[in-house]
Amino acid sequence: LSKLGYRYIAGDSGDPSDWVLRQEADTHKGFEWKGQANYDEVGDAVVAYVQSQLTTLCSLVPLPLPTATGADAHSVIYASENVAEHLGPLLLLVCGSAPGGAAGVWGRSLCIN
């Protein structure tokens with residue numbers, strides 16, 4: 001994200017989960033449209049950042065899918081560390097479809113704009 005000139009900073013609300021994307025050169029400026037290819041690059045970087053926060057801030061672990069078939073993983077979910085031993089109810093959040101939706105991201109535009 002930094003290589004593209006952006007970073008997340010704390011939002012005005014003071015809520016610890018309120019982060020906004022800003023330009024590194026001027027933190028008062030948000031995303032600047034530079035064409036679809038740049039938007040896709042920023043979007044991919046945002047998804048990577050959000051997913052890193054799932055492990056860092058939320059203590060979730062990435063689990064590649066499928067797990068038991070021996071096939072190559074083509075997707076990943078994030079779960080609590082001991083989810084395999086958990087016997088109670090589970091909460092499953094399903095994101096949007098690619099390229100905008102990924103684990104932790106409902107849509108890239110929500111994280112960029």
Side-chain angles (χ1 to χ4, degrees):
L1 200 51
S2 180
K3 291 177 184 178
L4 297 168
Y6 294 97
R7 66 182 169 125
Y8 278 97
I9 63 170
D12 294 335
S13 73
D15 187 303
S17 67
D18 180 17
W19 291 89
V20 292
L21 185 70
R22 292 293 182 244
Q23 294 181 25
E24 287 192 335
D26 183 351
T27 58
H28 292 93
K29 293 183 179 179
F31 175 73
E32 182 179 316
W33 179 260
K34 296 177 185 174
Q36 188 64 45
N38 176 257
Y39 179 82
D40 289 340
E41 281 185 292
V42 173
D44 290 345
V46 163
V47 168
Y49 173 81
V50 169
Q51 290 179 343
S52 75
Q53 297 307 297
L54 290 175
T55 58
T56 304
L57 295 177
C58 303
S59 300
L60 299 177
V61 293
L63 302 173
L65 294 177
T67 58
T69 65
D72 289 338
H74 61 273
S75 188
V76 67
I77 62 171
Y78 289 80
S80 301
E81 189 173 344
N82 297 319
V83 70
E85 293 82 31
H86 183 75
L87 300 175
L90 294 174
L91 172 64
L92 177 66
L93 301 174
V94 180
C95 62
S97 60
V105 178
W106 298 112
R108 294 184 306 185
S109 65
L110 294 173
C111 300
I112 293 174
N113 299 317

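- Atom CD of residue E24 and atom OG of residue S2 lie 3.5 Å apart, to the nearest 0.5 angstrom.
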Decide yes or no on side chain to side chain contact (heavy atoms under 4.5 Å, CB included) for D40 and R108, but give the supporting numbers first.
-> CA-CA 9 Å; D40 289 340; R108 294 184 306 185; 3.1 Å; yes

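- With rounding to the nearest 0.5 angstrom, the CG atom of L21 is 11.5 Å from the OG1 atom of T27.
- Clustering ILVMFWY residues whenever any of their side-chain heavy atoms sit less than 4.5 angstrom apart, transitively, puts L1 in the very cluster that holds V105.
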Let me see the working for L63 and V83 under side chain to side chain contact (heavy atoms under 4.5 Å, CB included), right down to the final yes or no.
-> CA-CA 10 Å; L63 302 173; V83 70; 3.9 Å; yes

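- Note that the CG atom of L54 and the CD1 atom of I77 stand 12.0 Å from one another [nearest 0.5 Å].
- The backbone N or O of Y8 sits nowhere less than 3.5 Å from a side-chain atom of Y49 that would complete a donor-acceptor pair.
- No more than 12 heavy atoms of other residues, nucleotides or ligands shown are found within 6.0 angstrom of CD on E81.
- Atom CG of residue D44 and atom CD of residue E41 lie 8.0 Å apart, to the nearest 0.5 angstrom.
- Under the 4.5 Å side-chain heavy-atom criterion for ILVMFWY residues, a single connected hydrophobic cluster contains both V47 and Y6.
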Under the side chain to side chain contact (heavy atoms under 4.5 Å, CB included) criterion, do R22 and K29 qualify, and how do the steps go?
-> CA-CA 6 Å; R22 292 293 182 244; K29 293 183 179 179; 5.8 Å; no

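- No more than 12 heavy-atom neighbours from other residues, nucleotides or ligands sit within 6.0 angstrom of CG on D12.
- In terms of hydrophobic clustering, with Ile, Leu, Val, Met, Phe, Trp and Tyr side chains grouped at heavy-atom distances under 4.5 Å, L90 and Y78 are assigned to different clusters.
- Taking the six-membered ring where tryptophan is involved, the planes of F31 and Y39 are perpendicular, since the angle between them exceeds 60° and thus also 30°.
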